Protein chains: 2
Amino acid sequence: MKKKHTIKDIAQAAGVSIGTVDRVLHKRGKVSEKALKAVTDALNNLNYKPNPIARTLKNNTIYSIKVLLPDPEMDPYWKRCMEGINETIEEFSAFDLEIETHCYDPSEPSSFSKTGEQLIQTENLNALLFVPLFEMESNALLKKLGEKQILSATFNSSLSNDLIDQHTGQDLYSSGRVGAKLIHSLIKPDSKIAIVHIDEAFNNAVHMKQKEQGFISFFKDFGSFQIQTLTLNSNEFEVKFPNFVTQFDTMDAFFVTTSKAYEIVKALKKENKKCSIVGYDLLPRNVSCLKTGEIDFLIHQSPKTQASLGLRGLIETLIFGKEIPKKQLLPIDIVNSENVDSYLI
Amino acid sequence: MKKKHTIKDIAQAAGVSIGTVDRVLHKRGKVSEKALKAVTDALNNLNYKPNPIARTLKNNTIYSIKVLLPDPEMDPYWKRCMEGINETIEEFSAFDLEIETHCYDPSEPSSFSKTGEQLIQTENLNALLFVPLFEMESNALLKKLGEKQILSATFNSSLSNDLIDQHTGQDLYSSGRVGAKLIHSLIKPDSKIAIVHIDEAFNNAVHMKQKEQGFISFFKDFGSFQIQTLTLNSNEFEVKFPNFVTQFDTMDAFFVTTSKAYEIVKALKKENKKCSIVGYDLLPRNVSCLKTGEIDFLIHQSPKTQASLGLRGLIETLIFGKEIPKKQLLPIDIVNSENVDSYLI
DNA sequence: AGAGTTTATGTGTACGATAACATTTTTTTG
DNA sequence: CAAAAAAATGTTATCGTACACATAAACTCT
């Protein structure tokens with residue numbers, strides 16, 4: 001195989017100077033018909049592709065990227081996202097990048113708006129990666145990003161907004177169906193199933209709803225099950241859950257749409273009951289319940305990978321001009337006690 | 001944030017010329033004690049990191065990489081690996097790389113040796129990525145690669161040989177345990193379980209053995225199960241399997257360590273039996289059995305990702321001088337009818 | 001037709017690292 | 001101590017692209 005062709009080769013083949021080739025490539029006019037044809041022909045014949053390495057070296061700008069995500073101190077789910085971000089920063093540390101991570105309070109839409117507002121005021125901001133927990137506020141932010149020509153990327157939560165340049169996440173409806181299938185494999189016909197939403201502030205409302213719909217859609221095809229839904233705030237959990245259990249007295253299985261499955265385990269222990277449980281996310285407390293058999297399956301949302309891929313996508317777009325797909329769906333990983341370690345590396 | 005420091009900055013800070021800095025960086029002597037100290041101090045103070053972009057541009061060599069894997073025509077499992085390789089080639093098409101893929105007959109150790117031998121004769125070969133199905137032959141190849149200073153990388157099958165620069169794969173023992181856990185969740189106590197190895201030529205012997213050991217180790221903790229093992233060549237399957245089933249008459253579950261789970265489905269249909277089945281790999285035929293419920297779970301070995309990551313690792317080492325970990329273990333993905341599509345993208 | 005404009009094309013330098021080459025400084029030796 | 005040899009240091013071209021600047025060709029207008 002021969003070396004790739006360079007601008008110089010094109011110039012020679014077309015019988016012009018590299019300046020003219022450059023003008024054709026960048027469409028900055030002042031080129032005669034004749035020269036234009038000669039150059040485009042040469043370009044096609046030799047199958048020219050610009051050398052991204054040389055281009056990047058020449059451009060030589062400090063790209064600025066900001067990341068905005070929920071505070072891991074307030075909800076430990078975000079810790080792994082933070083890890084993913086930091087690893088990616090480390091990975092590209094040899095490049096001229098300025099990457100800053102900022103957090104917002106996941107229970108406060110205004111916190112998101114305020115911080116987001118501040119970030120986009122930054123001089124020469126090239127891209128913003130964020131978790132759009134709040135729909136309205138996120139859309140407002142996206143509008144401003146669009147106006148300022150700042151690249152936008154989201155991960156974890158999905159939004160249907162065409163202004164988003166890149167999204168990394170999971171199909172939550174399918175994820176609900178996966179949960180349903182797992183529960184179904186664990187229980188006998190005519191069992192009683194509970195879908196439980198436990199969250200600090202219901203800001204994951206859309207999230208939880210999509211999973212619930214997927215879950216229910218699966219059981220539509222298997223009539224003989226009773227499904228109840230319980231929506232709870234983390235704080236009111238201790239009071240209301242025991243009530244719920246005694247009311248529907250013999251629950252057989254629980255599908256927990258948030259990362260709080262371990263709470264169910266704790267509560268059931270008190271009541272001295274054993275049920276099938278499927279939940280989300282590999283938080284340490286969930287993992288330990290999984291290993292003791294108190295949780296049957298967890299669905300992994302790959303928070304770390306989501307964050308990494310999101311950030312890496314932006315970086316590669318900026319530095320190498322790589323074209324990143326608008327939507328990148330990650331697989332829905334099923335985790336049990338035996339493969340959990342393979343996900344925790 | 002300020003721009004990264006360059007050699008020029010270091011030279012200035014140390015009060016020498018860039019030539020001297022370069023000599024220090026590359027340890028090619030002819031530097032006085034005094035200058036050496038000044039430069040190393042500056043290097044540390046300014047936290048210098050070479051610009052990989054500039055370095056690559058200057059080096060400007062055509063790197064040559066060869067890939068050697070089993071022929072997808074002979075075993076469709078390798079099709080997805082091929083896809084991964086091709087996508088990665090496409091992804092880096094803008095760089096000066098010469099990447100060639102070659103296949104060997106997975107049932108013929110000599111085919112592997114012969115092709116491998118040929119490949120490493122290539123003038124200026126920089127790296128070889130291969131699937132080490134055959135232990136002895138692979139070790140011989142690795143020795144020669146080491147002597148010729150050619151980067152070596154393996155994927156899919158693992159070998160304990162320190163000469164390998166990079167390996168991408170899965171922990172097969174754990175993978176067997178995962179299979180066991182899944183089967184366990186599907187059956188009643190005192191069930192009869194069969195471990196089945198079906199393969200063209202038993203060249204995956206190590207592979208299958210590791211999975212079997214993991215599987216059995218899981219059930220050691222749950223005494224009341226009967227486990228039988230059946231090792232079959234693909235060709236003799238039709239004859240010997242029915243025999244096996246009738247002999248152990250009421251088998252309840254099958255764990256198939258290769259990608260041929262669909263064969264079991266077919267055979268059981270003939271016998272008009274319904275059993276729990278856990279197998280490997282998302283071949284189209286397996287996937288369709290999974291969707292109809294004839295296979296309960298498949299374990300995904302991410303052949304495409306394995307191949308991609310392996311090749312990408314080599315490329316990034318060569319072009320960007322990235323440091324790639326010696327061993328990269330991929331998660332063991334559990335697949336059912338509901339999340340299978342999320343893995344097939 | 002010749003000065004002035006517009007339009008087209010060519011040239012030079014920079015990005016940062018590298019390495020060959022040139023120059024200076026120090027050491028050795030008769 | 002001067003000349004030769006060795007060691008240390010400095011200078012410069014190069015990789016491929018991008019863009020400012022310089023030059024050349026074509027055209028306008030009195």
Side-chain angles (χ1 to χ4, degrees), chain A residues 2-40 42-43 46-63 92-97 318-322, chain B residues 2-40 42-43 46-63 92-97 318-322:
Chain A
K2 328 96 206 150
K3 241 200 175 69
K4 288 244 139 54
H5 294 291
T6 73
I7 280 195
K8 220 166 145 186
D9 298 328
I10 304 297
Q12 198 160 29
V16 297
S17 74
I18 60 166
T20 303
V21 177
D22 183 65
R23 272 179 287 266
V24 173
L25 283 172
H26 294 86
K27 300 199 179 73
R28 12 193 168 84
K30 316 269 167 148
V31 177
S32 68
E33 293 282 319
K34 199 177 58 185
L36 182 72
K37 194 183 175 317
V39 172
T40 33
L43 246 26
L46 303 183
N47 184 30
Y48 171 80
K49 282 188 185 179
N51 180 332
I53 294 284
R55 175 172 284 176
T56 305
L57 178 61
K58 186 65 196 37
N59 281 355
N60 190 41
T61 33
I62 303 180
Y63 291 105
F92 288 95
S93 64
F95 296 88
D96 264 332
L97 290 167
L318 291 173
I319 303 197
F320 301 118
K322 256 200 194 174
Chain B
K2 328 95 206 151
K3 237 196 179 71
K4 289 243 138 54
H5 293 291
T6 72
I7 278 196
K8 221 167 146 184
D9 299 329
I10 305 297
Q12 199 161 29
V16 297
S17 75
I18 60 167
T20 303
V21 177
D22 184 63
R23 272 179 288 263
V24 172
L25 283 172
H26 294 85
K27 301 199 180 70
R28 21 191 164 81
K30 316 268 167 153
V31 177
S32 66
E33 293 282 319
K34 200 175 59 186
L36 181 74
K37 194 187 176 314
V39 171
T40 33
L43 247 26
L46 303 184
N47 184 30
Y48 171 79
K49 283 189 184 179
N51 180 333
I53 294 284
R55 174 173 285 175
T56 306
L57 178 61
K58 185 63 196 28
N59 279 356
N60 190 41
T61 32
I62 304 180
Y63 289 105
F92 288 96
S93 64
F95 296 88
D96 263 333
L97 291 168
L318 292 173
I319 304 196
F320 301 118
K322 254 200 195 175

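Labels below follow one simple rule: chain letters A, B, ... track the order of the sequence lines, proteins then strands, and each chain is numbered from 1. What you see is a predicted model; the values in this text were computed from it and never measured.
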Steps toward side chain to side chain contact (heavy atoms under 4.5 Å, CB included) verdict (B:Leu97, B:Ile319):
CA-CA 9 Å; B:Leu97 291 168; B:Ile319 304 196; 4.0 Å; yes
Check the pair B:Phe95, A:Ile53 against side chain to side chain contact (heavy atoms under 4.5 Å, CB included), reporting the backbone distance first and the verdict last.
CA-CA 8 Å; B:Phe95 296 88; A:Ile53 294 284; 3.4 Å; yes
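Closest non-hydrogen pair, B:Ala13 versus B:Leu46, comes out as CB-CD1, 4.1 Å. Counting all heavy atoms, side chain and backbone alike, A:Tyr48 lies closest to A:Asn51 at OH-N, 4.5 Å. Of all heavy-atom pairs spanning B:His26 and B:Arg55, the tightest one is NE2-NH2, 4.4 Å. Scanning both residues, A:Val31 and A:Leu36, for their nearest heavy atoms gives CG1-N, 3.6 Å.
If you measure from atom NZ of A:Lys30 to atom C1' of D:dT23, you get 14 Å, rounded to the nearest angstrom. For the pair A:Asn60 CG and D:dA18 P, the computed distance is 13 Å after rounding to whole Å. For the pair B:Arg28 CZ and D:dG10 P, the computed distance is 15 Å after rounding to whole Å. Between the C1' atom of D:dC15 and the CD1 atom of B:Ile62 lies a distance of 13 Å, rounded to the nearest Å. Atoms CD (B:Gln12) and C1' (D:dT11) sit 16 Å apart, rounded to a whole Å. Across the protein-nucleic acid pair, B:Lys58 atom NZ and D:dT17 atom C1' stand 16 Å apart, rounded to whole Å. Protein atom CG of B:Asn51 is 17 Å distant from nucleotide atom P of D:dT17, rounded to whole Å.
Proximity of B:Ser32 to the phosphate of D:dA7: no side-chain N or O atom is located under 4.0 Å from OP1 or OP2. OP1 or OP2 of D:dG16 has not a single side-chain nitrogen or oxygen of A:Thr6 nearer than 4.0 Å. At D:dA18, none of the side-chain N or O atoms of A:Asn59 fall inside 4.0 Å of OP1 or OP2 (strictly under the cut-off). At the phosphate of D:dG10, OP1 or OP2 sits under 4.0 Å from a side-chain N or O atom of B:Thr20.
Looking at heavy-atom distances under 4.0 Å, B:Leu57 makes contact with a base. At the heavy-atom level, A:Asp22 lies under 4.0 Å from base atoms of the strands shown.
Looking at heavy atoms from C-beta onward, A:Thr61 lies out of side-chain contact with A:Asp96 at the 4.5 angstrom threshold. Using a 4.5 Å cut-off on side-chain heavy atoms (C-beta onward), B:Leu25 and B:Leu43 make contact.
Nearest-nucleotide positions on DNA chain C for B:Arg23 and B:Ala54 put B:Ala54 closer to the 5' end. Heavy-atom distances to DNA chain C give each of A:Ile18 and A:Glu33 a nearest nucleotide, and the one nearer the 5′ end belongs to A:Glu33.
Between A:Phe320 and B:Phe320, the ring planes lie tilted relative to each other; the angle falls in the 30° to 60° range.
With B:Thr6 as the partner, the side chain to side chain contact (heavy atoms under 4.5 Å, CB included) test is satisfied by one option alone out of B:Lys3, B:Lys8, B:Lys4: B:Lys8.
Axis orientation changes by 70° from one end of the helix from C:dA1-D:dT30 to C:dG30-D:dC1 to the other, with each end axis drawn from 5 pairs and the value rounded to 10°.
In the 5' to 3' direction, nucleotides of DNA chain C lying under 4.0 Å from heavy atoms of chain B begin and end at C:dG16 to C:dA19.
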